[in-house]
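The residues of the chain are indexed from 1 along the displayed sequence. All values derive from a computational prediction rather than experimental measurement. What you see below is based on every heavy atom in this structure, not just the backbone, and it leaves out hydrogens, waters and symmetry mates.
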Amino acid sequence: MSETTLKAPGKTGGPDANRWKALAFIALAQLMVVLDATIVNIAMPSAQQDLGISDGNRQWIVTAYALAFGGLLLFGGRIADLWGRKRAFVVGLGGFAAASALGGAAANEAMMFGARALQGAFGALLAPAALSLLAVMFTDAKERAKAFGIYGAIAGGGGAVGLILGGFLTEYLDWRWTFFVNIPFAIIAAAGAYFVIREPEGGRNRSALDIPGVVLSTLGLVSLVYGFTRAESEGWSDSVTIGMFVASAVLLAAFVIVESKVKAPLLPLRVITERNRGGIYLSLGLAIISMFGLFLFLTYYLQIVKGYTPVKTGFAFLPMIAGMITGSTQIGTRLMTRVAPRLLMGPGFLVAALGMLLLTQLEIDSSYAAVLMPAMLLLGLGMGTAFMPAMSLATYGIEPRDAGVASAMVNTSQQVGGAIGTALLNTIAASATTSYIKDHVAGATSKPQQQLVQLEGMVHGYTSAIWFAVGILVAAAAIALTLVNAGKPDMGAVAGSGAGDAEDAAVPVMVH
C-alpha cells in the first residue's frame, strides 16, 4: 500500500489526533446496529398484537430487515469506497434514525415492514463504512489491536445487551421505544463523526459503478437469505424454498462470472481469493451460524421452560457479554501483536465449542449457576478471543480502494451465517422435538404429564441442535487453523509511516 493512502491528512503525516474520539462514535454506531438485531425480537409479541399482524406475517419484522441488510451490504461497501467512508457513515446514520422513527410510529403492518427494510438498507451503508474508517484511521499495530478489541467486544456482546435493553423497554415503557431508542444514538454518532472524523486522502475508488454486479449480488443474496428464512417456517421441501436456493445459486454464479470480466467489479475477486481473507469470511460465517441458533434456543429455554421474564432473560446473558469483552479487549488485544492470528482464532473457536458442549447437557431442571453460566462464559471468552483478530485481519493487505467492499464481505458472511443458523438449527430442533413428543406422549395420561413431555421435547430439540452447533464451531476452528497463515503483525513498521510498500504489506491493515 502506498504511504499516502494511509496517512492522516494532517501536515505532519502522523496519526490522526482525533482517532480515539472517532472510535467512540464509530463504536456507538456499531452498538446501535448490533442492538437492533436482538432488541426487536423481545418487542415482537407486543408489536404483533398492537398492529394486528398475523402469525404468518410476523416473521417479516425480522425478515424485511435481514433481506435488505444482507442483500445490499456489498453495494453499501462499494458506495462507501466511492463517496468516501465518512459521508457514507453520516448518511447511513441519518437514514437509520429516520427509519427507526418510522418504525416507532408504525400504525399498521405495512409501515412496520417498510421501516424495517429501510433500517436494513441504511444499515448496509453504515456497517461497512464504520469498519473501513477504523482500518484507515488506526495504522499502528498496537493501537489497531486496542481499537479492534473494543469494536470486536461491541460487535459480539451488543446482541446480548439488546436482549436486556429490549426487555426493559418492552416491560416498563412500550415496544415502540425499541425503535425510538435508536434516534439519540444515531444523532450523537452522526454529529460526532461529522466534526471529529478526518478521512485519509487518496483511498477512494472512483471507478464507474458495476450495475450488473449490484443487481446480481443483491438478488442472489436476497434469494439466499429468504430461502433459509422460508425454510424455517415452511420446511426444506417447500417448492418456493427450493426455488429460492436454485435462483440464488444461479444468480451468484452469474455474479462471479460478471466480476471476473468487467473492468471495475463491485467485488474484485482478489478480495475473496486471498487465503487469509477467504479463511476468515468462511470461519466467521460458520461461527455466527452456531451463535445465532444459540441466542434463539436460550431465549426460549429461559422464558418458556424456566419461566424467566424478558428482563431476567436479558440479564441471564450477562456472563456471555462479560466473556466477550474479556476475550476481545484483554486476551485478543494483548496477544494479537505477539502471536499469529490463527493461534487466537482456532483455540478461541474451540473454547466456544467447549461452552456449547456443556449446553448439550441441558435438562428441564438444569441449574443456571452450574450449567448455563459457565457455558455462556466459555462461549463469550472463546468468541471474543477469536472475533478480535478475525475482524482486524479481514482486510489483510487490502488496497484502500477495496476497503469498503472487504468490510462489507465480513458483514455479509455474518448476516448470511445468521440467517442460515436460525433456519438450520431451528429446523433440527423442531424435528427432534416432534419425534420425541411422538415417542413419549402415549405414556402421559394426565394433563401435567403431557405438559412435562412437551417441555422435555423442547429441551431435547434444543440439545440435538446444539450438538450440530458444536460440530460447526469445531469446523470453524479447523478452517481458521489451516487457511489463515498470516504471521503476527510487524511491530517495527507502521503502515503509512514511510517504511515502504514491502513493510506495509507485512502489517495487516484492517477494515470492515
Side-chain angles (χ1 to χ4, degrees), residues 145 148-160 279-295 297-298 316-362 366 368-394 410 413-414 417-418 421 425 462-463 465-486 488:
F148 273 85
I150 293 165
Y151 188 90
I154 288 168
I280 279 166
Y281 297 147
L282 196 53
S283 61
L284 213 51
L286 285 171
I288 293 289
I289 287 175
S290 59
M291 236 19 231
F292 263 64
L294 182 79
F295 268 141
F297 298 144
L298 283 187
F317 280 98
L318 277 177
M320 193 184 288
I321 301 173
M324 282 267 187
I325 292 169
T326 306
S328 196
T329 62
Q330 300 305 309
I331 303 170
T333 301
R334 290 171 191 274
L335 294 181
M336 197 187 127
T337 52
R338 298 176 193 176
V339 300
R342 69 176 179 278
L343 299 180
L344 287 174
M345 289 176 65
F349 288 138
L350 289 174
V351 168
L354 187 63
M356 201 73 87
L357 193 62
L358 269 180
L359 289 172
T360 59
Q361 306 308 306
L362 269 188
S366 288
Y368 176 81
V371 180
L372 287 159
M373 190 166 75
M376 284 199 270
L377 198 56
L378 283 170
L379 262 164
L381 271 174
M383 289 293 198
T385 303
F387 274 24
M388 197 259 147
M391 295 233 169
S392 61
L393 242 193
V410 177
S413 68
Q414 290 175 313
L425 296 179
Y462 300 156
T463 54
I466 288 168
W467 273 111
F468 276 86
V470 172
I472 291 167
L473 277 173
V474 171
I479 288 166
L481 287 168
T482 51
L483 280 185
V484 179
N485 67 349
K488 64 179 182 177

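For the residue pair G346 and A477, the shortest heavy atom distance occurs at O-CB, 3.5 Å. Closest approach of A480 to R342, counting heavy atoms only: O-CB, 3.5 Å. In terms of heavy atoms, P341 sits closest to V484 at CB-CG1, 4.5 Å. Of all heavy-atom pairs between L481 and P347, the closest is CD2-CD, 4.4 Å.
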Query raised in the report: Between I288 and F387, does a side chain to side chain contact (heavy atoms under 4.5 Å, CB included) hold up when you go through it step by step?
Result: CA-CA 10 Å; I288 293 289; F387 274 24; 3.7 Å; yes
Requested in this report: Before giving the answer on side chain to side chain contact (heavy atoms under 4.5 Å, CB included), spell out for L372 and L359 the whole-Å C-alpha distance, their side-chain angles and the decisive distance to 0.1 Å.
Outcome: CA-CA 7 Å; L372 287 159; L359 289 172; 3.7 Å; yes
Report task. Start with the C-alpha gap between F297 and T463, add the side-chain angles, then the distance that decides, and say whether side chain to side chain contact (heavy atoms under 4.5 Å, CB included) holds. Result -> CA-CA 9 Å; F297 298 144; T463 54; over 6 Å; no
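Between M320 and M291 there is a side-chain heavy-atom pair separated by less than 4.5 Å. Proximity of P374 to L358: side-chain heavy atoms (C-beta onward) are separated by under 4.5 Å at one or more points. Using a 4.5 Å heavy-atom cutoff, the side chains of M345 and I280 are in contact. With a 4.5 Å cut-off on side-chain heavy atoms, M356 and F468 do not count as touching. Side-chain contact check for V470 versus L473: every heavy-atom pair is 4.5 Å or farther apart. Side-chain contact between I479 and F349: absent, with no pair of heavy atoms (C-beta onward) separated by less than 4.5 Å.
Using modelled atom types, one side-chain atom of Y368 and one backbone atom of A316 make a donor-acceptor pair closer than 3.5 Å. Judged by distance alone, the side chain of S290 and the main-chain N or O of A287 form a donor-acceptor pair under 3.5 Å.
Rounded to the nearest 0.5 angstrom, I466 CD1 and L425 CG are separated by 9.0 Å. To the nearest 0.5 Å, atoms CG (L298) and CE (M376) are separated by 6.0 Å.
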Taking distance alone, no hydrogens or angles, what donor-acceptor pairs closer than 3.5 Å link side-chain atoms of residues 377-385 to residues at least two apart or in another chain?
| residue | atom | partner | partner atom | Å |
| --- | --- | --- | --- | --- |
| T385 | OG1 | L381 | O | 2.7 |

